[in-house]
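Single-structure report; data block below.
On a predicted model such as this, the values are computed, not experimentally measured, just so you know. One-based numbering along the sequence shown.
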Amino acid sequence: MAIKQTWHVLFYTKRFTAEQVHTFVDDLKKEPNFGGFPIEQVTFDYTTKEMLYTTFIFTAPQAVDQKMQHEMAKYLYARVVHPGGLDTKQYYEVLNQSSQELGIEYYDYGNGTLDIMLWGQQS
């Protein structure tokens with residue numbers, strides 16, 4: 001039974017611009033799937049002083065475990081820092097770093113909903 005995954009991807013405004021996030025959303029809208037999982041919706045929702053909010057909904061054949069969540073979040077991070085296309089080298093440069101090094105935090109609601117906060121790498 002397929003499980004709908006709703007991920008709220010939040011970008012810290014001191015590290016990411018609205019233009020970057022709009023490009024990120026536009027790029028993902030062109031993709032038919034996310035790692036083989038059908039994409040249902042990608043939206044730029046709103047902006048606050050500190051965060052840019054997006055919603056990313058896809059369908060997975062089963063619940064996505066924590067390890068896979070981290071790898072998928074790193075892919076999303078790589079897509080925002082490499083807009084318009086992502087080559088293998090760029091992908092692995094991001095994937096080989098820890099979530100902590102990239103400034104990625106998670107809050108899992110346990111029902112297929114996940115908040116991913118992208119704080120960005122600290123200089």
Side-chain angles (χ1 to χ4, degrees):
M1 177 180 180
I3 299 172
K4 183 183 288 192
Q5 302 284 301
T6 301
W7 290 7
H8 300 108
V9 186
L10 294 69
F11 299 87
Y12 187 45
T13 57
K14 289 188 173 36
R15 298 278 187 239
F16 301 97
T17 66
E19 183 179 346
Q20 280 179 295
V21 176
H22 278 289
T23 300
F24 165 81
V25 167
D26 291 344
D27 286 349
L28 286 177
K29 283 181 177 181
K30 296 173 190 169
E31 299 294 324
N33 65 68
F34 179 45
F37 304 144
I39 295 173
E40 292 186 25
Q41 177 183 335
V42 183
T43 58
F44 188 124
D45 300 324
Y46 59 94
T47 304
T48 66
K49 184 177 180 180
E50 290 194 352
M51 303 299 279
L52 303 151
Y53 291 79
T54 67
T55 299
F56 183 61
I57 301 172
F58 63 95
T59 304
Q62 60 191 24
V64 178
D65 66 28
Q66 190 175 37
K67 183 180 185 313
M68 181 64 79
Q69 286 175 349
H70 288 263
E71 289 180 12
M72 293 168 84
K74 289 178 188 180
Y75 173 78
L76 295 174
Y77 184 98
R79 289 297 301 259
V80 77
V81 297
H82 299 290
L86 181 64
D87 66 32
T88 303
K89 182 178 184 256
Q90 293 167 328
Y91 171 70
Y92 280 105
E93 285 174 353
V94 172
L95 187 66
N96 289 330
Q97 297 180 63
S98 71
S99 291
Q100 185 177 12
E101 290 170 322
L102 295 169
I104 303 173
E105 292 181 7
Y106 307 85
Y107 185 82
D108 192 339
Y109 293 89
N111 63 356
T113 302
L114 178 70
D115 285 353
I116 303 171
M117 287 74 63
L118 300 178
W119 300 104
Q121 291 178 311
Q122 303 301 313
S123 302

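Side-chain heavy atoms closer than 4.5 Å link hydrophobic residues (I, L, V, M, F, W, Y) into clusters, and following such links, even through other members, never connects Ile57 to Tyr46. At a threshold of 4.5 Å between side-chain heavy atoms, the hydrophobic network of Ile, Leu, Val, Met, Phe, Trp and Tyr places Ile39 and Val9 in one connected group. Cluster membership for Phe37 and Phe56, using ILVMFWY side-chain heavy atoms within less than 4.5 angstrom, is shared. Under the 4.5 Å side-chain heavy-atom criterion for ILVMFWY residues, no single connected hydrophobic cluster contains both Ile3 and Leu114.
Considering CG of Asn33 and CG of Leu28, their distance stands at 11.0 Å, rounded to 0.5 Å. To the nearest 0.5 Å, the span separating CG on Leu102 from NE2 on His70 amounts to 11.5 Å. For the atom pair Tyr91 OH and His82 NE2, the distance stands at 12.5 Å (nearest 0.5 Å). For the atom pair Gln69 CD and Gln5 CD, the distance stands at 7.0 Å (nearest 0.5 Å). Between atom CG of residue Asp65 and atom CE of residue Met68 there is a gap of 6.5 Å, rounded to the nearest 0.5 Å. Going from atom CG of Leu95 over to atom OG1 of Thr88 covers 11.5 Å, rounded to the nearest 0.5 Å.
Remark: the backbone N or O of Thr43 is not paired with any side-chain donor or acceptor of Thr55 at under 3.5 angstrom. Side-chain atoms of Asp27 do not come within 3.5 Å of backbone N or O of Pro83 as any donor-acceptor pair. A distance-only check finds no donor-acceptor pair linking the side chain of Lys74 to the backbone of Val94 [under 3.5 Å]. With Thr13 contributing its side chain and Lys49 its backbone, the two residues share a donor-acceptor pair below 3.5 Å. At least one donor-acceptor pair under 3.5 Å links the side chain of Arg15 to the backbone N or O of Gln121.
For the side chain to side chain donor-acceptor pair (under 3.5 Å) test with Asp115, the passing option among Tyr53, Tyr109, Tyr106 is Tyr109; the others fail.
The distance between the ring centers of Tyr107 and His8 does not fall below 6.0 angstrom.
Contact annotation: the side chain of Trp119 approaches that of Met51 to within less than 4.5 Å [non-hydrogen atoms, C-beta and beyond]. Side-chain contact between Leu86 and Tyr75: present, with at least one pair of heavy atoms (C-beta onward) separated by less than 4.5 Å. At a threshold of 4.5 Å between non-hydrogen side-chain atoms, the residues Phe44 and Phe24 do not count as touching. Under the 4.5 Å side-chain criterion, counting only non-hydrogen atoms from C-beta, Trp7 is in contact with Met72. Using a 4.5 Å heavy-atom threshold, the side chains of Leu52 and Thr54 count as separate. Taking the side chain as every heavy atom from C-beta outward, Phe34 and Leu76 approach each other to under 4.5 Å.
Between the side chains of Thr59 and Glu40, at least one donor N or O sits under 3.5 Å from an acceptor N or O.
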